[in-house]
Amino acid sequence: MRAHRRVLQTGAAFLAAGLLAGCGLLSTEPEQSEPADGRSGDASASPPPDLKETPKTPPLPAALTSQRPDWQRCEAPSGGSAPGSDWRCTSVDVPLDYAKPAGETIAVALIRKQARDKDRRLGSMLFNFGGPGGSGVEILPRAASSYDKLNSRYDLVGFDPRGVAASSGVNCRTDEEQEQALRSVDLTPDTAAEEAAFVKDGADFGAGCRRRSGKVLPHVGTSDAARDLDLIRQVLGDDKLSYLGFSYGTELGGTYAHLFPQNVGRTVLDAVVDPTADGTGHARNQATGFQRALENYLKDRGENPKTGSERIARMLARIDRKPLPTASGRELTESLAVTGIVTPLYSQSGWPALTAALDEAENKGTGNGLLRLADSYNGRDEEGRYDTQAHSQRAISCADSKARPTVDEARALLPEFRKLSPVFGPFLAWDTAGWCAQWPVEGEHETPETSAPGAGPILVIGTTGDPATPYEGAQRMADELGKGVGIMLTNKGEGHGAYGEGDCVTAAVDGYFLDGKIPQDGTTCG
């Protein structure tokens, strides 16, 4: 239940449309007809500009900054199908270690669908759908219908961040090892033996990452991914970066703005990560956010939120003592049950599935529905194969964060977290200790730096009922970006991600990207 997990499945691009009431938009920037990146026509028509050096990175060699992308027909991603004929794929070489820019390189995979209106083309728009660990190369073609209006004047560009999927993706354990861990490790340990197994599993996971992906493991953090973004910007031929980030993609966008404020173009951050929170703070935020979403779900059912939450917590305690059987022969453990409850809370469209799964577990004593939901969240297919997003997610998170809480520190959080959420609190309190236990790479910071003085306006969207990245984090991001940079837009509603969910937010985002019209700071939709 780490922050931003599986936004690619439940984020705005894949949610059922739920129209919100209109809101008033006020343009604070004149309508512009020129390209947002200062160019026109195909990006390959002129050489890319020089990379502007940041204080933290040496200049890049010309061999990298002068790359010309070779766009080819796309192959099918692992476990998926090839995108349509409108899509082309390529890769860009980036330094493995930005401290040694002339040294070893790795390839970052890209996918592109060109703008339909070549005469009015505004440049490239890059997407990050969250995770961390989501594959933009795989997701963007499936989500592209949501961005059809933007595609009229922008090339839609997805990428696999370093350490993800086709970009030297981190791999830490086999499917069999993953299945064994999910079946046997109690993520809310109650005994000394369960605690020891819990910590050992975290350490084993990190050791597996080091064995299988040791070369890239120290270099998969968000700061390096942001530097990759700026090199990609150059290679695509854009003077400014146009960017749409969801969930973890907002942290990446904020980091980019801090490192390259002079290169920030039209940028929108949706379902925003709180940049002021450390690892424990994120867990606290999620305990609050998921509990809030659960209570909204219970209210919608006509049930008292407090008594409904307590009822579900008692059910989980029973499952902890005696897992539920399923038709597959696998058992639904407490840990899998919590994961199954989390999954449909990402979107109000998932609430009926949650109702059916809870009814089955409570009244029939079987866990088929919750197990299916948990498998979806955990990236498990019907053949028992797991994707590696969880591997990349953990590696990126632990490369970013210095925090390494101990079991004793996690245990001390339990009273507070149970009060925040009797359903999710224990899971998230323990998660603080297990996530990066004995991680083989030191983290970069306590919290990310997202201040961006001198950057252009960045539209920051927070949804009041967002379970995974609670609304309060969006305001903190807007504040951290700085006055005149972070422009706050509140979406009154449910779900993780607002773009495409209602006319008001969608119109605001489209108006900014296509016409340069930025909403007034403090605008509310819904």
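- Checked against the 6.0 Å centroid criterion, the rings of Phe290 and Tyr346 qualify as a close aromatic pair.
- In terms of heavy-atom proximity, Leu126 sits nearest to Leu241 at CD1-CD1, 4.1 Å.
- The two residues Val264 and Ala257 come nearest to each other via the heavy atoms CG2-CA, 3.7 Å.
- Side chain of Asp160 to main chain of Ala165: no donor-acceptor pair is present (N/O by atom type, distance under 3.5 Å, no hydrogens or angles).
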Apply the test salt bridge (Lys or Arg N to Asp or Glu O under 4.0 Å) to residues Asp201 and Arg173: give CA-CA distance (whole Å), side-chain angles for both, the deciding distance (0.1 Å), then the verdict. CA-CA 11 Å; Asp201 178 68; Arg173 58 179 29 159; 3.0 Å; yes
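- You'll find the side chain of Arg73 reaches within 4.5 Å of the side chain of Ser85, heavy atoms only.
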Please assess Arg372 against Asp375 for the test salt bridge (Lys or Arg N to Asp or Glu O under 4.0 Å), listing each intermediate value before the final yes or no. CA-CA 5 Å; Arg372 280 193 298 270; Asp375 284 348; over 6 Å; no
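- Here CG of Leu269 is found 6.0 Å from CE of Met477. Values are rounded to the nearest 0.5 Å.
- Distance alone, capped at 3.5 Å, places no donor-acceptor pair between the Arg266 side chain and the Ile518 backbone.
- Taking 4.5 Å as the limit, some side-chain heavy atom of Asp93 sits within range of a side-chain heavy atom of Gln67.
- Side-chain N/O atoms of Tyr471 and Thr490 include a donor and acceptor closer than 3.5 Å.
- Inspection of the Thr222 and Asp400 side chains reveals an N or O donor paired with an N or O acceptor under 3.5 Å.
- Taking the side chain as every heavy atom from C-beta outward, Arg404 and Cys398 approach each other to under 4.5 Å.
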Please determine whether side-chain contact (heavy atoms from CB on, under 4.5 Å) holds for the pair Val170 and Thr388, giving the CA-CA distance in whole Å, both sets of side-chain angles, and the decisive distance to 0.1 Å. CA-CA 7 Å; Val170 172; Thr388 59; over 6 Å; no
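- The distance from the OH atom of Tyr512 to the CG atom of Asp515 is 12.5 Å, given to the nearest 0.5 Å.
- Counting heavy atoms from C-beta on, the side chains of Leu229 and Leu252 come closer than 4.5 Å.
- Taking all atoms of both residues into account, the shortest heavy-atom contact from Ser152 to Leu514 is OG-CD2, 4.4 Å.
- Within the 4.5 Å cutoff, side-chain heavy atoms of Asp479 are placed close to those of Gln475.
- Taking CG of Leu236 as the start and OG1 of Thr90 as the end, the distance is 9.5 Å to the nearest 0.5 Å.
- Judged by distance alone, the side chain of Glu177 and the main-chain N or O of Thr174 form a donor-acceptor pair under 3.5 Å.
- Contact of the Val94 side chain with the Leu64 side chain is not registered, since no non-hydrogen atoms from C-beta on lie closer than 4.5 Å.
- For His391 and Tyr386, the distance between ring centers is not under 6.0 angstrom.
- Between the side chains of Ser124 and Asp238, at least one donor N or O lies within less than 3.5 Å of an accepting N or O.
- The line from CG of Asn151 to NZ of Lys113 is 5.0 Å long, rounded to the nearest 0.5 Å.
- Of all heavy-atom pairs between Gln393 and Gly131, the closest is NE2-O, 3.1 Å.
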Check step by step if salt bridge (Lys or Arg N to Asp or Glu O under 4.0 Å) holds for Arg121 and Asp155. CA-CA 8 Å; Arg121 178 181 176 275; Asp155 296 345; 2.9 Å; yes
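- If you take CD1 on Ile106 and NZ on Lys215, they are separated by 7.5 Å, rounding to the nearest 0.5 Å.
- The pair Lys402-Glu444 does not count as a salt bridge, with every side-chain nitrogen at least 4.0 angstrom from each carboxylate oxygen.
- In this structure, the side chains of Val164 and Phe159 stay at 4.5 Å or more apart for every pair of heavy atoms.
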Might you work through the side-chain contact (heavy atoms from CB on, under 4.5 Å) test for Val441 and Arg210, ending with a clear yes or no? CA-CA 9 Å; Val441 173; Arg210 181 176 55 191; over 6 Å; no
Take Leu110 and Ile232 through the side-chain contact (heavy atoms from CB on, under 4.5 Å) test and state the conclusion after the steps. CA-CA 9 Å; Leu110 277 70; Ile232 293 168; 3.7 Å; yes
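- Side-chain contact between Ile487 and Val460 is absent, with no heavy-atom pair separated by less than 4.5 Å.
- Heavy-atom minimum distance, Trp87 versus Pro141: CZ2-CA, 3.6 Å.
- Not one N or O on the side chain of Arg380 forms a donor-acceptor pair closer than 3.5 Å with the backbone of Arg385.
- With hydrogens and angles ignored, the 3.5 Å screen pairs no side-chain donor or acceptor of Asn491 with any backbone N or O of Gly493.
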Are Asp228 and Tyr256 close enough, and set up right, to give a side-chain hydrogen bond (donor to acceptor under 3.5 Å, both in side chains), and what steps lead you there? CA-CA 10 Å; Asp228 292 344; Tyr256 179 89; over 6 Å; no
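- Remark: side-chain polar atoms of Thr469 are not paired, donor with acceptor, to backbone N or O of Ser247 under 3.5 angstrom.
- Closest approach of Ala226 and Thr255 over heavy atoms only: CB-CG2, 4.0 Å.
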Walk me through it: do Asp224 and Arg227 pass the test salt bridge (Lys or Arg N to Asp or Glu O under 4.0 Å)? CA-CA 5 Å; Asp224 281 342; Arg227 295 182 176 99; 3.3 Å; yes
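- With hydrogens and angles disregarded, a donor-acceptor distance shorter than 3.5 Å links the side chain of Gln286 to the backbone of Ala468.
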Step-by-step side-chain contact (heavy atoms from CB on, under 4.5 Å) determination, Ser451 to His258: CA-CA 5 Å; Ser451 62; His258 172 70; 3.4 Å; yes
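- Arg394 forms a cation-pi arrangement with Trp435, by the criterion of a distance under 6.0 Å to the ring centre and an angle within 45° of the ring axis.
- Classification of the Tyr147-Phe246 ring pair by plane angle, with boundaries at 30° and 60°, yields tilted.
- When atom types are taken as modelled, the side chain of Asp270 and the backbone of Ala498 share a donor-acceptor pair closer than 3.5 angstrom.
- Side-chain atoms of Arg112 do not come within 3.5 Å of backbone N or O of Gly158 as any donor-acceptor pair.
- Under the 3.5 Å distance criterion, the side-chain polar atoms of Arg162 are left unmatched by any main-chain donor or acceptor of Val220.
- For the atom pair Leu60 CG and Tyr98 OH, the distance stands at 6.0 Å (nearest 0.5 Å).
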